[in-house]
Number of protein chains: 2
Amino acid sequence: MRGGTPLCRALGDDVSTKKATIKDVAREAKVSIASVSRVLNGLGGVTAETQDAVRKAVARLHYVPDSAARSLITGRTHTIGAVLPDLYGEFFSELIRGIDLAARARGLHLLVSSSHDGVEDAAAAVRTMRGRVDGMIILSQFVDGDFLEQNMPADLPAVLLDSPVDDPRYPSINLDNVAGAQAMVKHLLDIGHASVAFINGPAGNFDAQEREKGYRAAMRQFAPKVPLNIVAGEFTEESGYRAGRELLAQPVRPRAVFAANDMMAVGCLYAFKEAGIRVPEDIALAGFDDILIARYVTPSLSTVSVSIADLGRRALLLLTELMEGKGPIGGPHTRTLPCDVVARESCGAKGTNNVASKHPPALV
Amino acid sequence: MRGGTPLCRALGDDVSTKKATIKDVAREAKVSIASVSRVLNGLGGVTAETQDAVRKAVARLHYVPDSAARSLITGRTHTIGAVLPDLYGEFFSELIRGIDLAARARGLHLLVSSSHDGVEDAAAAVRTMRGRVDGMIILSQFVDGDFLEQNMPADLPAVLLDSPVDDPRYPSINLDNVAGAQAMVKHLLDIGHASVAFINGPAGNFDAQEREKGYRAAMRQFAPKVPLNIVAGEFTEESGYRAGRELLAQPVRPRAVFAANDMMAVGCLYAFKEAGIRVPEDIALAGFDDILIARYVTPSLSTVSVSIADLGRRALLLLTELMEGKGPIGGPHTRTLPCDVVARESCGAKGTNNVASKHPPALV
DNA sequence: ATGAAAGCGCTAACAG
DNA sequence: CTGTTAGCGCTTTCAT
């Protein structure tokens, strides 16, 4: 269907019925296909005239090289794959944005597979990308040594995000959860809050474990006499609410609370408000992540901020190095992305940084 | 580098040095490559034995067909492209999620190009996808008839999102902005607010225009005596704040305010709070989009909600129909996605739906 | 039911 | 500097 004679070659024909191939260009430019290829790939060894003729023919025919044919022979796809879990809106979009921007700047395309909740899901995603990408960026709690062994096409470069895996073949970039949490706890202590409680994340979660580590380290270092006070949470707003009530029920109420993420901090805030406890006057509160709502709750939430887009950008950079065979040159296989303490109203230190307009307007 | 003899064919060799090809499978199964192809593509015309031999060989060799070679000959990539602007976090992730899930279910991959702010940017994205995708989903304020004419490879199916373009070749799916806005204004009127003002979006914005249309329609129909009251906005929180102050400065303060999006409503809310005006007691307030913060501001914001993931899912469905050559069968080229009025505290009707936990927990 | 062979559009030797 | 030619791995006639 749609057919049309393949012979409509009237000079300067614009309305090419079928996609032009390298042969058409060669004929049009009156040179060999080899020369066309040379010009297109900037290999040199062609006179300016030939070059010109080819370029003109290409333009006249609206020729675009077939990427499949090219891939078939070169073995490269100029595409990188991103395998991501069911990430929270902001993280997801920022991460993709960071990766995509950096990739485009290098002429790479981005193949995305998102929303993987299970190991099998993630494994399938990784496997179906085989042959379609030159490298992968993987963020998944299910990815460990075994997983990689079983699902990764041995020679495919990959960068892991936020992963505990420590394998020279698969370098990873992690948030500096430990330092971030430590800095926040130190900050709370510094501004005079004598005791700091910690609302933990889900038991098996890597970020949660690291943040807890940071809490412990800071307490050990800066308030060694003060007993640790850790309550359980699940990273959800609701679990934060429960943790808040639990904290309030303790014989001695802590002076400050550091939640392992912002959603729990928000839940916790509700619990405090409900109980008539003022924040930060009666109790200080801080979270982690700096999600958008952190600025909009009342009081605005102090938190630890991370540039997710930067994480994506750096992951792509590292991946391209890997793809170029340089290997993860110099330094350890595991790199770390710094976090910043953002002091807003809820911690009782500053009170200004309430509303920022960092985010672009909604478009839909 | 990495080399290794291509002859390590010891029976049952697992550690294939190079990727196995269809020839290897044929040899291993002692059949012709044609038979292997037939089995792999389920074309029938093969005995059970042949089939079995092939399957075993495939498994033994960990054979995976080369997608580039396949594309070269079939002309299909089993990949669809998504071209998106610099969308707000939630919209972006929900949209991708909706598209990706539906695509995966059909064995399609998703090539994403995001963050396009200019026409040239979007054009480049569309052009570089040529040949790499079987169809496209495009959301961009820059896409109009001309754009498509100039950048779309004539035979590539595409569906447009949230676009005013009305071209049978490029069906589109739009949010039902008009009906949504109309329903919200009617709701405000219904619950007793005598006058409703409207904070508009950016002048050239399609959504904004449609929402204004809805406001006008509702006022005309349900409060024909009440004068229209429209103030300018830019979809940003800050412009909402300014609009709020402008509204307060009017000789007669409106009883209710409907902002064309939630971010402006939030800004407006700050203006009201600052002026000591109570919401909803002194003035009712409503937005559009149902972004996450809408639930978390105080009072929680009444708004119009849209299932963005559903938009993505439906876009992919429509696209696959197009790709299968069915064309956008039956119905107009432009379809519409319904919106729901979500009454929370700020409009003064209900006061419960404050905190929902619809969103998954943050993972990073 | 099976195999041999002809390309898909391109790159990369290898000749001239 | 340019052209000829041999495949890349696969699907698909066309014979058998």
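Reminder, nothing fancy here: chain letters follow the sequence lines and each chain counts from 1.
On the nucleic acid side, DNA chain D has its first and last nucleotide under 4.0 Å of a heavy atom of chain A at D:dC1 to D:dG9, going 5' to 3'.
Judged purely by atom type and a 3.5 angstrom limit, B:S71 uses its side chain to pair as donor or acceptor with the backbone of B:S67. Counting only distance, with no hydrogens or angles, the side chain of B:D134 and the backbone of B:H78 share a donor-acceptor pair below 3.5 Å. Side-chain atoms of A:R106 come within 3.5 Å of backbone atoms of A:A102 as a donor-acceptor pair (strictly under, hydrogens ignored). For A:D52 (side chain) and A:A48 (main-chain N/O), no donor-acceptor pair under 3.5 Å exists by modelled atom type. Looking only at distances, a side-chain donor or acceptor of A:D167 sits under 3.5 Å from a matching main-chain atom of A:R169.
Across all strands, A:T50 comes closer than 4.0 Å only to sugar-phosphate atoms, never to a base (heavy-atom distances).
Whole-Å rounding puts the B:R132 CZ to C:dG9 P distance at 17 Å. The distance between atom CD1 of B:I22 and atom C1' of C:dA5, rounded to the nearest whole Å, is 14 Å. The separation between A:K23 atom NZ and C:dC10 atom C1' is 10 Å, rounded to whole Å. The nearest whole Å value for the distance from the CG atom in A:L72 to the P atom in C:dA12 is 12 Å. Between the P atom of C:dG9 and the CZ atom of B:R76 lies a distance of 15 Å, rounded to the nearest Å. Whole-Å rounding puts the A:D66 CG to C:dG9 P distance at 7 Å.
For the side-chain hydrogen bond (donor to acceptor under 3.5 Å, both in side chains) criterion with B:R132, the lone passing option out of A:D66, A:T79, A:T77 is A:T79.
For C:dT2, the OP1/OP2 oxygens have a side-chain nitrogen or oxygen of B:T47 closer than 4.0 Å.
If you find the closest nucleotide of DNA chain C to B:I73 and to B:G45, the one lying nearer the 5' end belongs to B:G45.
The side chain to side chain contact (heavy atoms under 4.5 Å, CB included) test applied to B:P164 returns B:F206, not counting sequence neighbours.
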task: Would you sort out whether A:T50 and A:R38 count as a side chain to side chain donor-acceptor pair (under 3.5 Å), showing the intermediate values?
output: CA-CA 10 Å; A:T50 307; A:R38 281 192 270 262; over 6 Å; no

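A:S115 and B:R97 share a side-chain donor-acceptor pair at under 3.5 Å.
Listed by residue number, the members of residues 29-40 of chain A with any heavy atom below 4.0 angstrom from DNA chain C are A:I33, A:A34, A:S37.
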